[in-house]
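Structure first, commentary second.
Here is the naming used below: chain letters follow the sequence lines, and residue numbers restart at 1 for every chain. Values in this document were obtained by computation on a predicted structure and should not be read as measured data.
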There are 2 protein chains.
Amino acid sequence: MAFVNQNPILQSLIAEQLVSDPSSARGRLLNEAARLFRDKGYERTTVRDLAAAVGIQSGSLFHHFRTKEEILKAVMVETIRLNTALMQAAADQADSAREKLRALIRAELESINGQTGEAMAVLVYEWRSLSESSQAEVLELRDIYENLWLSTLQQLSKEHQLGADPFITRRMLTGALSWTVTWYRPERGGLTLDGLTDQVMAMLGLAQC
Amino acid sequence: MAFVNQNPILQSLIAEQLVSDPSSARGRLLNEAARLFRDKGYERTTVRDLAAAVGIQSGSLFHHFRTKEEILKAVMVETIRLNTALMQAAADQADSAREKLRALIRAELESINGQTGEAMAVLVYEWRSLSESSQAEVLELRDIYENLWLSTLQQLSKEHQLGADPFITRRMLTGALSWTVTWYRPERGGLTLDGLTDQVMAMLGLAQC
DNA sequence: GTCTATACACGGATAGAC
DNA sequence: GTCTATCCGTGTATAGAC
């Protein structure tokens, strides 16, 4: 993903070949695919659309990917890998459980509404279009990601700072945060990403007093 | 929707021809369509699937609806009409703003996870498949529904019982509640609908003390 | 690694008989 | 109001030249 190219976390993932270099043919295709899948949906996006987006003919696509579904799966897998690393880094910088949670919320809001947002939306809305065997693979990666959240929420719960159950709170947050993509428009209107994060914390009764 | 057939609110809506009688040919088709659209997605559901679900041939479908999209739109329109009426009734029975909010949350959770849940999921996940002109029509109906929520949340905010902004809180709740359809399974496991409602209230810092 | 050309199946929608 | 038959466009994927 070209925009966050300077990010050292992305750089190390590329070096380990866990995500594609965004300047490579494969990387550029996956970025365009994420955008198209989010805008039109996976089913309504044709292989001709995908090829045109990177300036090749549809037949040439199948030199890089065996099937259209393989492209969807690659978008999802690489997105989770990148976001797990970003999340881990964000949480590591915070001290208290409360600050860890705030860092996670802010990082997830940034993933959803920032430059990886297209791919994050695909992860949520195009799940059904993935074959069952691919779903199982992606789910495994998701577990690592979710454990980051759960351990932080469980710590807060121990400290009696959380109103509801940690598991349920995480599920509520998953829905609430991913839904922001349908309405949050940072460019027009005053609410910044930090302001939105504050609102989420306030909703949970964890506002800075 | 045959299951809630005895519901007097549904009966009056049918009498006013605002929703189809679930025992009519049209009503049965819309129920099956909601189920198929949720399970497979709108695009992956063929007119042959729809016809087979009600035991007719695909050509015969077009005697009832001019296009496939018209079926999707009808599912959405009738679902909003029914749920607005159910919501209004739930809110009217409560006295305090806090109890009104609880009634709205419980009613929406019931819509999402109960017998109209298939249609509610379609409303969230198949939005993009609706043509723009149809989207505008459905959006108008949604406004009425949303105003029910906003007036209650604004009242709570006046009473200083709400941590975050009312508009933002509603949007967070929209995401959080609709997401329950992906994980909440009342049949297996102890959490009842009332228990889940309590958890949501607790998350908002509005637990019964 | 990309091109052109095309196979081949499937999906939405229509026509006209009953 | 449902049937059968069918049109026709579109979509995924392949073949083989360059």
Side-chain angles (χ1 to χ4, degrees), chain A residues 17 20-76 122 125-135, chain B residues 17 20-76 122 125-135:
Chain A
Q17 303 206 9
S20 310
D21 187 331
S23 59
S24 70
R26 181 186 161 98
R28 273 183 297 121
L29 177 74
L30 291 182
N31 276 315
E32 292 300 321
R35 190 178 55 79
L36 285 164
F37 291 164
R38 187 201 55 176
D39 290 348
K40 314 175 55 167
Y42 173 78
E43 303 291 344
R44 295 173 86 99
T45 303
T46 68
V47 291
R48 290 177 178 87
D49 292 334
L50 291 166
V54 290
I56 57 174
Q57 298 299 311
S58 68
S60 310
L61 261 192
F62 294 89
H63 179 77
H64 302 280
F65 295 90
R66 273 200 312 261
T67 63
K68 183 186 164 191
E69 197 222 329
E70 204 174 85
I71 299 175
L72 177 62
K73 184 178 147 191
V75 167
M76 293 187 173
V122 170
Y125 288 103
E126 303 300 337
W127 187 249
R128 277 177 318 194
S129 298
L130 214 58
S131 71
E132 276 194 43
S133 63
S134 298
Q135 281 189 11
Chain B
Q17 304 206 4
S20 310
D21 187 332
S23 59
S24 70
R26 182 188 161 96
R28 273 184 296 119
L29 176 72
L30 291 182
N31 275 316
E32 292 299 323
R35 190 179 54 79
L36 285 165
F37 289 165
R38 188 202 52 175
D39 290 348
K40 314 176 53 166
Y42 173 78
E43 304 290 344
R44 294 173 88 98
T45 303
T46 69
V47 292
R48 289 174 176 89
D49 292 333
L50 291 166
V54 291
I56 58 175
Q57 296 300 310
S58 68
S60 310
L61 260 192
F62 295 89
H63 180 76
H64 302 280
F65 296 89
R66 274 200 311 261
T67 63
K68 182 186 165 192
E69 198 223 330
E70 206 175 83
I71 299 175
L72 176 62
K73 185 178 146 189
V75 168
M76 292 190 175
V122 171
Y125 289 102
E126 301 301 336
W127 186 249
R128 275 177 318 194
S129 298
L130 214 58
S131 70
E132 276 194 43
S133 62
S134 299
Q135 282 189 11

Donor-acceptor pair between A:R48 and A:S58 side chains, under 3.5 angstrom: no
Closest approach of A:E43 to A:S129 (non-hydrogen atoms, all atoms of both residues): OE2-OG, 3.5 Å
Steps toward side-chain contact (heavy atoms from CB on, under 4.5 Å) verdict (A:Y42, A:V75): CA-CA 11 Å; A:Y42 173 78; A:V75 167; over 6 Å; no
Main-chain N/O of B:T45 paired with B:K68 side-chain donor or acceptor, under 3.5 Å: yes
Integer-rounded Å distance: D:dG11 C1' and A:L61 CG: 13 Å
Whole-Å distance separating the NZ atom of A:K68 from the C1' atom of D:dT10: 12 Å
Outermost DNA chain C nucleotides near chain B [under 4.0 Å, heavy atoms]: C:dG11 to C:dT14
Between P of D:dT4 and CZ of B:F62, the distance in whole Å: 16 Å
SB check A:E126 B:R128 (cutoff 4.0 Å): yes
Pair B:E32 + B:R35, salt bridge at N-O below 4.0 Å: yes
Gap between atoms CD1 and C1', on A:I71 and D:dA13 respectively (whole Å): 12 Å
Heavy-atom closest contact (B:W127 atom, B:Q135 atom, distance): O-NE2, 3.1 Å
DNA chain C-proximal residues of residues 38-50 of chain B, any heavy atom under 4.0 Å: B:T45, B:T46, B:V47, B:R48
Qualifying residue for side chain to side chain contact (heavy atoms under 4.5 Å, CB included) with A:F65, from A:L72, A:L29, A:L50: A:L29
B:S58 or A:A25, whichever maps to the more 5' nucleotide of DNA chain C: A:A25
